[in-house]
Structures are given as C-alpha cells and as structure tokens.
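We number each residue from 1, following the sequence as shown. Just so you know, these numbers use all the heavy atoms, side chains as well, and skip hydrogens, waters and symmetry mates.
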Amino acid sequence: MVVSTNKKPAANLESNRQPKQHQKHNHYGFQDFFSFHPDTGIVTDWNQGRNTLTSEDFIIGLVEGLEEEVGSAASVIMYTIGCEWGTKDAEFFKKWFEKEYQRDIRQANLMFLLETWWWPFTAQGWGRWEVDLSDRKHGFMFINLFDSAVARTLGDVGKPVCYIYAGLFAGFFTCLVNKQLSCIELQCYSMGETYCKFLLGSQDRIDAAAFWQNEGATARDIQQRLEVGERLR
C-alpha cells in the first residue's frame, strides 16, 4: 500500500487527474494501479492522475497548523475541503466510469459503483470502508471506515478528527444523487473506537445527530433514534 506507519508515505493527495481508455478492467492491484517514474519523480495512477506521497508529519502539520490559525473553525475548513474534493472527484469519476465500462452511471449496480469509486482511495492509503444501505429507505445511510489515515496518525485524542472524510462523502454523494446531503462522524478511531462511523443524510438529520452526540449519545443510540423516526423538536 501507499500508506503505512513508521513515517513511511502515509497518505496520497490527487490532483489534475485525466481519464484514459484502457483495454482491461482488472487493474485493481498495486503494481497495476500505480506507475512510478524515478527519472522525473512523478507517480501516476491508472487514470493518469498525478499522485503525491506524503508523510504522517504532513497530516499532523496540516491539522495542527489549521487549529493554531483558526481554532475551532479548523474542523469546518477541513469539512469544506472534503466537500469540494468529493464534488470534483464525483464529476471525474462519472466520466471515467462511463468511458471505461461503456454504461450510464445510473444503470450500474450501486454497490459495484461505490466499490469502484472507493478502491483507489484504499490503494492510496485512505483506508477501507463498508457502506450500510439498510436505512437508505429512511433517507440516510451509514459508512464505516477502517484505518483512517487522519485518525491513525493523530492517535487517541478523545474526539472525532475525520472531518475531511465527512466532507468527502457529503460532496461525492450529493453529486451522485443530485440531492444536497451532509455528513457527520459519529465515532472515531481517535476516540478509542476500533473504527470510524459516519452518518450521511439530509441536514435536519445531521443536526439532530450532532445535538444527540453533544448530549452524550453513542453512535448506536443515534442510529436507533433515527430508525424510529425521532427528530429534534
């Protein structure tokens, strides 16, 4: 993997990705997905996107630098960055998915679509995920994230730290379903949990979850309240 501990490359930030036609689809292996060019120092991925390897110190510096400059607003900035990233990536993903698989994105199996989108993030060190669609009929869904690059790097700090992931999910799914969605992290590896858990849904549900979370509710408590249709009064 691109990401590992012990101060080796810890995360991968993409930019200027351009789609490219390929003759095969089974490219989901490290050696197939990445191309290293030692003569120029450039790393590109399967979709001809230029990749940058960063250390864990970069993540620590980014988070701590923002907190020093803007205080509690750092979480909002990270979330906003994630939203913009997710929106742009959704636009790019739609183009290359339809070109590579020769089908409209709306005709694809949803889980295949989502796994196809997230696999490059796993390869780049952003962690594995599980998408729980069982509550989709109620207008929300949960995402479990394992091995978050941000949470793993910052360690147990007693609070959620994966705001950029929450923004990424909100931006991508908003673009995917053409409906404004928001996202909140309900539990985090940095709170001593074994994995991070996110709630994706409309703003009123996110506001309710945030209120209950501040009142001390666990992720399971919040899920149960949402499933029975409880709302803020």
Side-chain angles (χ1 to χ4, degrees), residues 1-5 8-20 22 25-36 43-56 58-59 62-63 78-97 100-101 105 108 110-133 141-154 160-177 181 183 185 188-190 195-198 200:
M1 292 181 64
V2 173
V3 65
S4 65
T5 54
K8 294 179 181 179
N12 182 298
L13 303 179
E14 302 172 280
S15 63
N16 302 320
R17 299 195 302 177
Q18 297 298 325
K20 181 181 179 182
H22 299 286
H25 302 307
N26 57 330
H27 53 264
Y28 295 111
F30 187 87
Q31 296 301 324
D32 287 327
F33 191 76
F34 292 105
S35 295
F36 296 86
V43 181
T44 56
D45 60 28
W46 181 263
N47 298 307
Q48 296 303 294
R50 185 168 177 174
N51 291 246
T52 302
L53 305 182
T54 66
S55 68
E56 293 179 344
F58 174 84
I59 294 176
L62 175 62
V63 174
M78 292 293 286
Y79 182 88
T80 303
I81 291 172
C83 281
E84 183 68 17
W85 179 18
T87 300
K88 296 296 184 183
D89 202 66
E91 295 170 353
F92 174 82
F93 173 73
K94 181 179 184 297
K95 293 178 182 178
W96 78 252
F97 182 91
E100 180 159 333
Y101 293 99
I105 196 170
L110 181 58
M111 286 308 301
F112 173 76
L113 183 76
L114 295 180
E115 291 303 321
T116 301
W117 174 62
W118 189 254
W119 190 90
F121 288 94
T122 299
Q124 293 160 349
W126 291 98
R128 298 176 295 105
W129 79 345
E130 288 179 350
V131 181
D132 182 358
L133 299 176
M141 56 184 280
F142 294 94
I143 298 172
N144 298 329
L145 179 70
F146 304 88
D147 205 24
S148 159
V150 177
R152 186 189 62 247
T153 299
L154 297 180
V161 297
C162 301
Y163 300 103
I164 194 168
Y165 283 93
L168 173 64
F169 297 144
F172 175 80
F173 281 96
T174 290
C175 190
L176 182 67
V177 303
L181 298 173
C183 187
E185 186 176 21
C188 185
Y189 180 81
S190 285
Y195 61 92
C196 304
K197 189 180 190 71
F198 299 84
L200 181 76

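Between the CG atom of Leu53 and the CD atom of Gln124 there is a distance of 10.0 Å, given to the nearest 0.5 Å. Separating the CD atom in Glu115 from the OG1 atom in Thr122 is a distance of 7.5 Å, to the nearest 0.5 Å. Rounded to the nearest 0.5 Å, atoms CG (Leu181) and SG (Cys175) are 11.0 Å apart.
A donor-acceptor pair is defined here as one N or O able to donate and one able to accept, closer than 3.5 Å; such a pair exists between the side chain of Trp118 and the backbone of Gly127. Without hydrogens or angle criteria, Ser190 side chain to Pro160 main chain gives no donor-acceptor distance under 3.5 Å. Panel note: side chain Asn144, backbone Phe142; no donor-acceptor pair is recorded below 3.5 Å.
Residues Tyr163 and Val150 form no side-chain contact, since every pair of their non-hydrogen atoms from C-beta on lies 4.5 Å or further apart. Counting only heavy atoms from C-beta outward, the side chains of Val63 and Val161 never approach each other to under 4.5 Å. Side-chain atoms of Leu200 and Phe172, non-hydrogen and from C-beta on, never get closer than 4.5 Å to each other. Taking the side chain as every heavy atom from C-beta outward, Tyr101 and Trp96 approach each other to under 4.5 Å.
Partner Trp129 forms a ring-ring contact (aromatic ring centres under 6.0 Å, His included) with one of Phe121, Trp117, Phe146, Trp119 and no other, that one being Trp117.
For Asp147 and Arg152, the salt-bridge test passes: some basic side-chain N is under 4.0 Å from an acidic carboxylate O.
Nearest heavy atoms, Leu133 versus Met111: CD1-SD, 3.4 Å. In this structure, Ile105 and Leu176 approach most closely via the heavy-atom pair CD1-CD1, 4.2 Å. Contact detail for Ala123 and Phe34: the closest heavy-atom pair is O-CE1, 3.7 Å. The two atoms that bring Met78 and Leu62 nearest to each other are CE-CD2, 4.1 Å, heavy atoms only.
With sequence neighbours excluded, the residues that form a side chain to side chain contact (heavy atoms under 4.5 Å, CB included) with Phe198 are Ile143, Leu145, Cys162, Tyr165, Ala166, Phe169, Cys183, Glu185, Cys196. Under the side chain to side chain contact (heavy atoms under 4.5 Å, CB included) criterion, Glu84 pairs with Lys88, not counting sequence neighbours. Applying the side chain to side chain contact (heavy atoms under 4.5 Å, CB included) test to Thr44 and every residue at least two apart in sequence or in another chain returns Ser35, His37, Ile42. For Phe173, the ring pair (Phe, Tyr, Trp, His ring centres under 6.0 Å) test picks out no residue, with sequence neighbours left out.
Annotation for Tyr79: atom OH counts as buried by contact number, over 12 foreign heavy atoms lying within 6.0 Å.
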